[in-house]
Amino acid sequence: MRYFEEFFSNRIFFIVLFAWLLSCVIKVIIEWIRNKKINWGRFFGPGGMPSSHSTIVACLATCVGMSEGFDTALFVVCCALALIVMYDASGIRRAAGEQAKMINMIVETWEEKDPVLKDEKLKELLGHTPLEVLGGAVLGVFVALVSGVFLGL
């Protein structure tokens with residue numbers, strides 16, 4: 001049972017979880033400001049400002065650096081993970097979303113010939129713009145620094 005006690009006393013986990021929740025709430029708020037309606041799909045859905053993936057990994061790396069030291073191998077591992085996730089979010093996943101847009105446009109032109117294709121739409125919002133990734137990273141670092149000051153990492 002010591003494992004449960006250790007898990008629930010892990011500050012870094014809960015700080016990262018809070019950062020993720022905050023980024024998801026901010027996405028919903030930004031969507032509400034833009035479209036004047038609440039879209040709860042933005043909470044768990046991919047894409048949008050800020051990138052929740054970037055928030056998580058930036059917060060994790062910062063918390064680990066503050067807790068374990070910025071000169072440790074663990075901090076370097078967290079930074080490498082953060083860079084991979086942020087590159088994937090703004091590069092590969094975004095490109096896949098752009099390809100999905102093109103495929104959906106092609107399918108729309110074929111709708112008359114094959115009505116079955118009409119119901120098949122690919123998700124287009126998969127990745128993030130570099131600004132959304134940067135926004136998520138800044139939010140993650142900010143949450144980690146503020147948490148570190150108040151919780152003493």
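Scope of the values below: all heavy atoms of this structure, side chains included, with no hydrogens, waters or symmetry mates.
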Show me the pairs that pass ring pair (Phe, Tyr, Trp, His ring centres under 6.0 Å) and involve residues 57-85, at least two apart or across chains.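 Found F70-F75.
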Taking ring pair (Phe, Tyr, Trp, His ring centres under 6.0 Å) as the cut-off, I'd like each qualifying pair that reaches into residues 134-153, sequence neighbours left out, listed once.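 Of all non-adjacent pairs touching residues 134-153, none passes ring pair (Phe, Tyr, Trp, His ring centres under 6.0 Å).
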side-chain hydrogen bond (donor to acceptor under 3.5 Å, both in side chains) partners of [X], counting only residues at least two apart:
X	value
S54	S51
R2	E6
N35	E31

Between P50 and I26, is any pair of side-chain heavy atoms under 4.5 Å apart?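 Yes. Closest side-chain heavy atoms under 4.5 Å.
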Who else is in Y3's hydrophobic cluster (ILVMFWY, side-chain heavy atoms under 4.5 Å, direct or via others)?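 So far as hydrophobic clustering goes, Y3 is joined with none.
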If you group Ile, Leu, Val, Met, Phe, Trp and Tyr whenever their side-chain heavy atoms sit less than 4.5 Å apart, what else falls in with V76?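 Result for V76 is none, singleton.
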Can you measure from [atom1] ([X]) to [atom2] ([Y]) and round to the nearest 0.5 angstrom?
X	Y	atom1	atom2	result
E132	M86	CD	CE	14.0 Å
F18	C59	CZ	SG	9.5 Å
I29	L22	CD1	CG	8.0 Å
M66	L151	CE	CG	9.0 Å
T129	L134	OG1	CG	9.5 Å

Shortest non-hydrogen separation from [X] to [Y] and the atoms involved:
X	Y	value
L74	E68	CD2-CG, 3.9 Å
I15	A144	CG2-CA, 4.4 Å
A19	T55	O-CG2, 3.5 Å
K27	S52	NZ-OG, 3.7 Å

Identify, with sequence neighbours excluded, every residue that meets side-chain contact (heavy atoms from CB on, under 4.5 Å) alongside [X].
X	result
L83	none
V141	A58, T62, L145
I56	V16, W20
S67	I12

With F13, which residues qualify under ring-ring contact (aromatic ring centres under 6.0 Å, His included), at least two apart?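 Once residues adjacent in sequence are excluded, the partners of F13 under the ring-ring contact (aromatic ring centres under 6.0 Å, His included) criterion are F7.
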Cluster link V138 to L21, ILVMFWY, side chain under 4.5 Å: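 V138 and L21: separate clusters.
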Is it possible for you to say whether I84 and Y87 belong to one hydrophobic cluster, with membership spreading through side-chain heavy-atom contacts below 4.5 Å?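 No; Y87 is not reachable from I84 via cluster members.
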